[in-house]
Asker: 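Following this message is one structure expressed as structure tokens.
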2 protein chains.
Amino acid sequence: MTVKERVRIGGRSARIQSAVHDAVRKLGALSTRNQITVPQIAAEAGVTPSTIYRRWGDLSALLADVAVARLRPIADPDDTGAVETDLRAFIEQYAEEMSSPVGQALMRDVLSALKEGLPSACAGFTCDHLTTLNARAKARGETPFDIDEVIDHVVAPIIYRALFSEQIPTPDYCNRLIDRIYLPARKRRTAV
Amino acid sequence: MTVKERVRIGGRSARIQSAVHDAVRKLGALSTRNQITVPQIAAEAGVTPSTIYRRWGDLSALLADVAVARLRPIADPDDTGAVETDLRAFIEQYAEEMSSPVGQALMRDVLSALKEGLPSACAGFTCDHLTTLNARAKARGETPFDIDEVIDHVVAPIIYRALFSEQIPTPDYCNRLIDRIYLPARKRRTAV
DNA sequence: ATCCTTAACGCAAAATATTTGCATTAAGCT
DNA sequence: AGCTTAATGCAAATATTTTGCGTTAAGGAT
């Protein structure tokens, strides 16, 4: 009587999950973000609506589940050879993704769900990437940056602008944000 | 044949809008943020559901409308006599409001709506308050702060944490964020 | 003050979406 | 291979959203 796995992972269950996710992505791509319904998704995925309701609860929970899966990183950020350029390259790509219409919609889907923990999971993805960059830095003998500082003063402004204003952050803007992380240290070092 | 006002403002229309808003606030307060429906709101407000659908479109649009109305400032921030303390007092209260369960729910309601412009309107409220503080500063002969800098490095981190992490920003944390606005200028002045 | 136009509403039927009971399928384990 | 039961399909029941149409009442004009 093992009480280990109480949820089914393989076979049909996984096939349905994949089909439903694919259907959401396909329907979300066209039909510019309006009027997507559970019966529509079910038909596209070749599944009964009741299956979706039982597994995900409601539309917003399903959209959030798909959004988190799409926001989950599939690869480590590029290795440019040095921490600072690693960080600049990562942030530039991150800002572009999150400010795009798709990225904005994914964030809204995650935030709209009543499920607790999904938004913090997404923040965790970003934190993981920054930790990876720092691990590389340490392996190279470089001094790592302060992750919380980058989140507060580089990531947060980018996300705030993406969510609450219409303007997209330019690469130049991103670099100015990162300057605030690196320039003070340099000034202090050269001044003292 | 005047084409001035094409939307009705007074009388019954206003009464219904008020009753519906009140119903949303009342139902939103209890029933901890789950399972609130349009028919429920209609019954509480003493209106037909079809009225709500025709006026607001769907539930998320109604919730967003109510949320923006609640986020709209009703009074100017407190006047403490000096810009820096004005800013610290305002930010502390702002952080507390936005990080509270109610504040988080209001932000999610605004972001969840498909209506364009509502999130930027809310960002505008914050900007207006900061502009008010700066106007006071100028009237006093003080040097105003950089509004964009405060939004990027004080407001944005607070909102990012409220939305994407579970931790609430302490007053101490808020003050450290504001220190980054004021301390560099002081150091530069005293150093050079 | 009264009339006119029409935006906004109420009502009820229709269309659509969601929930639920029950039979069936197939994972995961022994 | 057999057993247990989570997960699904189907269809009925329930709830919701949409829509047509008659009625009410703002806002303006006479």
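If you're wondering where the values come from, they're calculated on a predicted model, not measured in any experiment. Throughout, protein chains are lettered first and strands after them, A, B, ... in sequence-line order, and every chain is numbered starting at 1.
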Asker: Could I get the full list of side-chain hydrogen bond (donor to acceptor under 3.5 Å, both in side chains) partners for His129(A), not counting sequence neighbours?
Answerer: none
Asker: Just to verify, what does Lys138(B) make a salt bridge (Lys or Arg N to Asp or Glu O under 4.0 Å) with, not counting sequence neighbours?
Answerer: none
Asker: Roughly how many Å is it from CZ in Arg12(A) to C1' in dA27(C), rounded to a whole number?
Answerer: 9 Å
Asker: Above 12 or not: heavy atoms from other molecules or residues under 6.0 Å from CG of Asp79(B)?
Answerer: yes
Asker: Around Glu96(A), counting heavy atoms of other residues, nucleotides and ligands shown, do more than 12 lie under 6.0 Å from its CD?
Answerer: no
Asker: What is the separation between atom CZ on Arg15(A) and atom P on dT25(C), rounded to the nearest whole Å?
Answerer: 15 Å
Asker: Quick check: on DNA chain C, is the nucleotide nearest Pro39(A) upstream (toward 5') of the one nearest Ile16(B), or the reverse? Name the residue that is more 5'.
Answerer: Ile16(B)
Asker: To the nearest Å, give me how far apart CD1 (Ile41(A)) and C1' (dT16(C)) are.
Answerer: 15 Å
Asker: What about Ile151(A) and Ile168(B), same hydrophobic cluster or not, with Ile/Leu/Val/Met/Phe/Trp/Tyr joined at side-chain heavy-atom distances under 4.5 Å?
Answerer: no
Asker: Please tell me which of Val47(B) and Asp58(A) maps to the more 5' nucleotide of DNA chain C, matching each residue to the nucleotide holding its nearest heavy atom.
Answerer: Val47(B)
Asker: Nearest 0.5 Å, what's the CD-CD distance between Gln104(A) and Glu166(A)?
Answerer: 8.5 Å
Asker: If the cut-off is 4.0 Å, is Ser13(A) near the phosphate of dA27(C), judged by side-chain N/O to OP1 or OP2?
Answerer: no
Asker: In whole Å, what is the span from the CD atom of Gln40(A) to the C1' atom of dA15(C)?
Answerer: 15 Å
Asker: For dA17(C), take OP1 and OP2 only and decide whether either is under 4.0 Å from a side-chain N or O of Thr37(A).
Answerer: yes
Asker: For DNA chain C, determine which residues of residues 49-57 of chain B have any heavy atom closer than 4.0 angstrom to one of its atoms, and list them numerically.
Answerer: Ser50(B), Thr51(B), Arg54(B), Arg55(B)
